[in-house]
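Input: a single structure, listed below in structure tokens.
Lettering follows sequence order; numbering is per chain, from 1. Just so you know, these numbers come straight off a predicted model, no measurement behind them. What you see below is based on every heavy atom in this structure, not just the backbone, and it leaves out hydrogens, waters and symmetry mates.
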There are 2 protein chains.
Amino acid sequence: MSVTIKDVAKKANVAPSTVSRVLSDSPRISETTKKRVRKIMEEMGYHLNINGRVLVRQSTQTIGIVMKDSATHSFENPFFSEILKGISEACHTRDYNLNLTTGESEETIFQDVVKMVQGKRVDGIIVLYSKKDDKVVPYLMEHNFPFVVVGKPLFGANKFMYVDNDNVEAAREAANYLIEFGHKDLGFIGGDLKFEVAKDRLQGFKLAAEEHGIDIQPESVQSIDLSDSVENGKEVVKKMMNTPRRPTGLVITDDYNGLTVMAALQEIQIKVPEDVSIIGFNNTMIAKLANPPLTTVDTNPYQLGYEASDGLINILHTPEMVKRGVIIPTSIVERDSCKPYNPGIKELDAN
Amino acid sequence: MSVTIKDVAKKANVAPSTVSRVLSDSPRISETTKKRVRKIMEEMGYHLNINGRVLVRQSTQTIGIVMKDSATHSFENPFFSEILKGISEACHTRDYNLNLTTGESEETIFQDVVKMVQGKRVDGIIVLYSKKDDKVVPYLMEHNFPFVVVGKPLFGANKFMYVDNDNVEAAREAANYLIEFGHKDLGFIGGDLKFEVAKDRLQGFKLAAEEHGIDIQPESVQSIDLSDSVENGKEVVKKMMNTPRRPTGLVITDDYNGLTVMAALQEIQIKVPEDVSIIGFNNTMIAKLANPPLTTVDTNPYQLGYEASDGLINILHTPEMVKRGVIIPTSIVERDSCKPYNPGIKELDAN
DNA sequence: TTATTTTATGAGAACGATTTCAGAAATATG
DNA sequence: CATATTTCTGAAATCGTTCTCATAAAATAA
């Protein structure tokens with residue numbers, strides 16, 4: 001159908017091998033024939049068929065992306081979009097392609113991964129989460145397949161590369177930020193504790209409280225996640241705010257959830273930041289555009305993605321030179337959702 | 001390296017062709033040998049190498065996604081994430097793979113497309129935008145490559161498939177919604193007019209105004225888009241609100257921009273919906289979670305993506321059965337950002 | 001029983017590139 | 001001028017499948 005290397009070879013009166021070498025700009029071909037062959041390629045409208053190359057090179061030059069099951073709506077979360085953007089750009093500069101899993105459940109995603117690996121569809125994989133009892137990472141390790149995880153390494157930490165934030169430290173800082181503002185009743189609204197991020201951030205939060213001799217009411221530690229309905233999420237918040245020692249400062253592990261919290265607070269007439277200060281995570285555009293704009297921990301999702309991608313490609317090229325772990329720094333970006341604690345408020349509103 | 005069809009064949013004492021036929025469950029192979037071969041495949045840990053198949057079948061079973069240049073931040077917009085989710089799920093049910101362009105500029109994206117097409121990396125392409133003077137669609141048409149565009153067909157409409165909303169009607173309805181609320185001074189904040197969506201929605205907006213004998217102040221029609229900085233966007237809004245006949249009802253062509261508008265209004269002490277009613281587009285989670293929750297035109301992005309994907313795959317399977325255009329219905333979902341016009345307000349705030 | 005059809009499998013040529021090995025031509029060396 | 005080197009190109013195997021065509025064996029018909 002379309003013009004192949006052989007067609008070009010015939011027309012140029014050279015061997016296919018020569019054409020192939022011209023294609024890869026081999027120094028073993030003289031400039032004159034290169035020019036001639038290139039001209040003929042142009043004339044005939046030749047274009048490399050990548051699949052032939054893939055077969056012999058045993059390399060697809062594409063990397064696979066594994067997201068959490070879309071039941072948990074990762075697509076909805078701008079955090080993932082940002083990571084994806086970072087990955088995408090790193091791939092582009094290194095001339096790699098991107099392949100997305102399309103599975104919806106944990107199981108179908110796993111099958112996608114198997115297909116990618118065994119079918120040799122991709123050269124390496126980026127796993128966009130870290131979760132206990134997940135089959136993906138163990139599978140990849142077992143099969144010795146190059147991969148990097150964005151998140152905390154759960155086991156065999158020294159056996160594969162990961163890119164992560166220091167989430168316990170980040171959460172500690174977030175809590176400290178509120179504490180420094182004088183807040184003594186702190187609340188934590190995290191995500192699904194099956195994921196490591198959520199655990200780490202909770203740990204950091206507790207750590208900060210402990211260090212400052214603040215004790216946390218059990219009711220003030222809750223989790224909502226994207227698989228919950230918004231209504232559910234709001235319920236959780238309302239319940240928390242309806243406890244005797246309701247928090248005046250909230251650490252929320254995701255900007256997206258931050259919006260849910262704000263919506264809930266709005267409904268029960270609690271004002272941010274006047275009545276309660278909240279600090280989010282990720283610094284996605286959501287935080288910037290929220291009303292009021294959200295103070296948040298910038299986890300640099302773009303860079304998370306970029307480093308993961310770049311690191312994976314490095315591993316692919318020089319497997320011996322493995323960067324074991326990359327920790328992307330976090331920083332608090334101050335906006336308008338936090339305020340020094342105003343002792344008057346509490347009594348006034350208490351019921 | 002890994003076990004191939006030939007290895008299995010040898011061990012099972014059959015020809016490679018037989019193994020291949022077992023793989024595709026051909027009725028021409030007896031159940032007994034099928035069973036035997038399958039068992040051996042299992043034992044040897046055989047797994048199909050997709051690349052061999054791709055080469056002979058001349059089909060990759062993957063479809064390519066082309067987004068607007070990421071300079072315009074399409075990744076950031078949950079609207080695209082939703083579309084992507086729809087595409088992803090359609091692909092999954094039909095067992096197709098997904099390949100993303102990684103280019104950042106219009107030019108590099110175009111090159112990505114050329115690579116996809118010429119390199120035979122994908123069987124078909126979904127173009128996630130419609131834009132005048134864009135090279136992608138003409139290129140695909142010229143090369144007779146299967147594709148569908150999400151957006152309005154610009155030329156050769158009867159030559160390719162598209163999935164779109166009726167954007168002029170949708171915008172007309174949005175404007176009417178405000179008009180029915182008694183708003184007489186209407187504003188429009190659109191996106192980049194290079195894109196067809198933006199044009200259509202502006203047209204619909206003007207149509208509604210005309211039909212109701214409302215004349216629109218030229219200063220009340222502005223555009224901001226994602227490639228602008230947030231600050232720029234806010235400036236535009238503030239300027240518009242600082243005109244003698246400032247609008248009391250705003251149609252905004254994207255929820256995302258809706259947030260920008262709300263942030264700007266907030267800064268100049270204009271309240272939504274008390275002082276100005278706003279209606280957004282797309283019904284992304286942003287709208288749901290905004291403060292106040294945004295009344296918005298639901299464009300069903302998920303379905304937009306799903307239909308595009310599904311349609312493309314249909315085209316790939318039966319090229320003769322082309323659905324030329326699919327129009328996804330829109331509907332207004334009412335939330336809290338719109339209110340009947342309160343004549344008092346205007347005079348009160350006017351300066 | 002013989003001829004004919006059906007069923008089950010095998011042989012081998014693709015698919016479109018890359019790459020090793022070898023050899024011809026050109027150049028350098030003695 | 002003969003030989004050794006270097007430079008350039010070609011032949012052919014290979015990557016892992018699929019698929020057409022042929023054929024042996026089994027089943028059916030005559």
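For the helix from C:dT1-D:dA30 to C:dG30-D:dC1, the rotation axes defined at the first and last 5 base pairs enclose an angle of 50°, given to the nearest 10°.
Interatomic distance, A:E104 CD to B:K85 NZ, rounded to the nearest 0.5 Å: 8.5 Å.
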Check the pair B:I63, B:F147 against side chain to side chain contact (heavy atoms under 4.5 Å, CB included), reporting the backbone distance first and the verdict last. CA-CA 9 Å; B:I63 85 179; B:F147 71 103; over 6 Å; no
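Using a 4.0 Å heavy-atom cutoff across all strands shown, A:I50 reaches no nucleic acid atom at all. When heavy atoms are screened at a 4.0 angstrom cut-off, B:V14 is found touching the sugar-phosphate backbone but no base atom. Residue-level contact check: B:D7 touches neither bases nor backbone, having no heavy atom under 4.0 Å from any strand. Using a 4.0 Å heavy-atom distance criterion, A:N51 is classed as making no nucleic acid contact.
The side chain of B:Q58 contributes an N or O atom lying less than 4.0 Å from OP1 or OP2 of C:dG16. Proximity of B:S30 to the phosphate of C:dT7: no side-chain N or O atom is located under 4.0 Å from OP1 or OP2.
Applying the ring pair (Phe, Tyr, Trp, His ring centres under 6.0 Å) rule to pairs touching residues 96-126 of chain A yields A:Y96-A:H317, A:F110-A:Y139, sequence neighbours excluded.
With respect to the salt-bridge test (charged N to carboxylate O, under 4.0 angstrom), the residues B:E31 and B:K34 qualify.
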So which protein N/O to nucleotides 19-24 of chain D N/O distances come out below 3.5 Å?
{"residue": "D:dT20", "atom": "O4", "partner": "B:R21", "partner atom": "NH1", "Å": "3.4"}

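For the residue pair B:N99/B:R121, the side-chain donor-acceptor check at 3.5 Å is not satisfied.
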